[in-house]
There are 2 protein chains.
Amino acid sequence: MERRRRSAEPLTLERIVEAALVELDASGADGVSLRGVARRLGVHVTSLYNHVPSKPALLDAMVDRALSGITPPDPHAPWQERVRTLAVDFYQALAAHPALIPVLASERGRPTSPGLFAVMEAALTCLSDAGLSPSHQVSAFRGFLAMVMGLVITHTRGAESTLEAAELAWREAGMAGLSTERQALMALAPYFLSTRPAADLEFVLDTWLAGLGHLGAADTPARKDRGT
Amino acid sequence: MERRRRSAEPLTLERIVEAALVELDASGADGVSLRGVARRLGVHVTSLYNHVPSKPALLDAMVDRALSGITPPDPHAPWQERVRTLAVDFYQALAAHPALIPVLASERGRPTSPGLFAVMEAALTCLSDAGLSPSHQVSAFRGFLAMVMGLVITHTRGAESTLEAAELAWREAGMAGLSTERQALMALAPYFLSTRPAADLEFVLDTWLAGLGHLGAADTPARKDRGT
DNA sequence: ACCTGAACACCGTTCAAGT
DNA sequence: ACCTGAACACCGTTCAAGT
């Protein structure tokens, strides 16, 4: 067998990003440290600085990498179908690394890879095809991003534990007198436990697309009123 | 004048949370440190541990405090109006401390104050009044939270800078050959700059409510097809 | 060109004292 | 009961050496 080398492969940005994503999945957003990544690669911390200028830059690269799998949908498909495809792809890319959301939510994590702008372009084209005004296309695009990112947040935080925290708080506070005030919550408790993320995403997309069709299509007859 | 006291007022959890929110707004989510909060209060770091057990617990308390201003809307108003009121209140509470979103998005920041559960109850009642099935009420509730949180993220990250980053990346990559592929993005550039957060929220709520009305009302005639 | 190691100014948290 | 200060095991980042 050959003499032990410093490392099996040369240190590259790609290997660093890969190791950082492994650490992210294992330890959460707060658990990612350059020292930990270096340890995982069998390398001294300061060696990383030969390939990445700072920790924020590494976080940017991680976001880029995690979202790089998304590709624009078939442009010949109906726009509703394209929106669905994009939403599901985006959701899955984020859900694969949910700890990336705090990174996206902070000022860091600005993706700059050209591939993502192609996806952005595809999403905007869908909304243009939906018959929205330019300003509404922008609002719908932001709403689209918001919806998917937000759903990953709510699913990651765990609907179960939110409900558990609620019950716990009630018991600790001993608020039996308010029981009539939490009828809806109590009645829905089992559904909070049984309704899966995929069902949420599907319902939200159904609602979103129905609303877009309703607002975007000028030939919809249900918009008679003006004043109220 | 009296002898200089250690501090003008006694150290309390409330004062600590208040100082932490000031530090959050000034320095971002990553900039909040117990040492910094203690410095701001003119107190030794370890004194904080007499009032709060850990940094995660402080972050929870900060979320609770930031959302404590939201109150349930008038239950006699139409459900659509109640949804709008709740969304705007929730949005504004988050937008007042946008750096709180990364906290919410991580495993930390679980609100436990009873007042928030009253708000949760009110939101669920709206969706019940909208005629949704229990499972759809849960999905709609999660979508509602997702939408507002996500919008704050997109607005905080800044649509302008996203666009600037896009233009910069294009120029750096020198992708003039792909110019036909980014028609929608180029055409919408001025609207990305001019469309305000309030307009996004309004459009998203309009779309959301139109879609909910469309899906929730069984007497809507536009749902004829079944197979496709 | 790339890796090492010491060093700097920070962290959160624990613990023994003080009052 | 509450505040202090030293101490511990961490951080990100810089810089002078090494090869």
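In what follows, every chain begins at residue 1, and chains take the letters A, B, ... in the order their sequences are listed.
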Checklist outcome for this item: Residues at least two apart in sequence or cross-chain that pass side-chain hydrogen bond (donor to acceptor under 3.5 Å, both in side chains) with A/Tyr191, listed by chain then number, are none
Next on the checklist: Expressed as a whole number of angstroms, how long is the span from A/Leu59:CG to D/dG12:C1'?
Outcome noted: 12 Å
Checklist entry - In whole angstrom, what separates B/Leu41's CG from D/dT4's P? => result 11 Å
Just the atom pairs and distances: protein N or O near nucleotides 14-17 of chain D's N or O, under 3.5 Å.
none

Checklist entry - Picking from C/dC3, C/dT13, D/dC3, which would you name as closest to the side chain of B/Pro56? => result C/dT13
Checklist entry - At under 4.0 Å, does any side-chain N or O of A/His51 touch on OP1 or OP2 of C/dC3? => result yes
Checklist entry - Under 4.0 Å between a side-chain N or O of B/Ser33 and OP1 or OP2 of C/dC11? => result yes
Checklist entry - Can you check the B/Leu58 CG to C/dC11 P distance for me, whole Å? => result 14 Å
Item to check | Per A/Arg35 side chain, nearest of listed nucleotides D/dC11, D/dA7, C/dC2 | outcome: D/dC11
Checklist entry - Once you round it to whole Å, what is the distance between C1' of D/dG12 and CD of A/Glu23? => result 14 Å
Checklist entry - Side chains of B/Leu41 and B/Arg15: does their closest heavy-atom pair fall under 4.5 Å? => result yes
Checklist entry - Can you check whether B/Thr125 reaches B/Arg82 side chain to side chain, under 4.5 Å on heavy atoms? => result yes
Next on the checklist: In whole Å, I'd like the distance from the CG atom of A/Asn50 to the P atom of C/dC2.
Outcome noted: 7 Å
Checklist entry - Looking at A/Leu127 and A/Phe141, what are the two nearest heavy atoms and their distance? => result CD1-N, 3.5 Å
Checklist entry - Which residues satisfy the salt bridge (charged side-chain N to carboxylate O under 4.0 Å, His left out) test with B/Arg39, sequence neighbours excluded? => result none
Checklist entry - For D/dC2, does OP1 or OP2 lie under 4.0 Å from any side-chain N or O of B/His44? => result no
Checklist entry - Between B/Asp30 and A/Lys55, is there a salt bridge with N-O shorter than 4.0 Å? => result no
Item to check | Atom-pair distance (CG on A/Asp30; C1' on C/dC11), nearest Å | outcome: 12 Å
Item to check | Residue of the set B/Leu124, B/Leu67, B/Thr71, B/Leu86 for which side-chain contact (heavy atoms from CB on, under 4.5 Å) holds with B/Val119 | outcome: B/Leu86
Checklist entry - Dot-bracket for DNA chain D, 5' to 3', counting Watson-Crick or G-U wobble pairs under 3.5 Å, with [ ] for crossing pairs and | for inter-strand pairs? => result ||.|||||...|||||.||
Checklist entry - Any side-chain N or O of A/Ser47 under 4.0 Å from OP1/OP2 of C/dT4? => result yes
Item to check | Aromatic plane relationship, A/His136 with B/Phe203 - under 30° parallel, 30 to 60° tilted, over 60° perpendicular | outcome: tilted
Checklist entry - What integer distance in Å separates B/Leu34:CG from D/dC3:C1'? => result 16 Å
Checklist entry - Once you round it to whole Å, what is the distance between C1' of C/dC3 and CD1 of A/Ile16? => result 12 Å
Side-chain atoms of residues 93-101 of chain B: list all donor-acceptor pairs with protein atoms under 3.5 Å, sequence neighbours left out, distances to 0.1 Å.
from: B/His97; atom 1: ND1; to: B/Asp25; atom 2: OD1; distance (Å): 2.9
from: B/His97; atom 1: ND1; to: B/Asp25; atom 2: OD2; distance (Å): 2.9

Next on the checklist: My understanding is that only residues two or more places apart in sequence, or in another chain, count here; which of them pass side-chain hydrogen bond (donor to acceptor under 3.5 Å, both in side chains) with B/Arg65?
Outcome noted: none
Checklist outcome for this item: Side-chain contact check for A/Val45: nearest option of C/dG12, D/dT4, D/dT13 is D/dT13
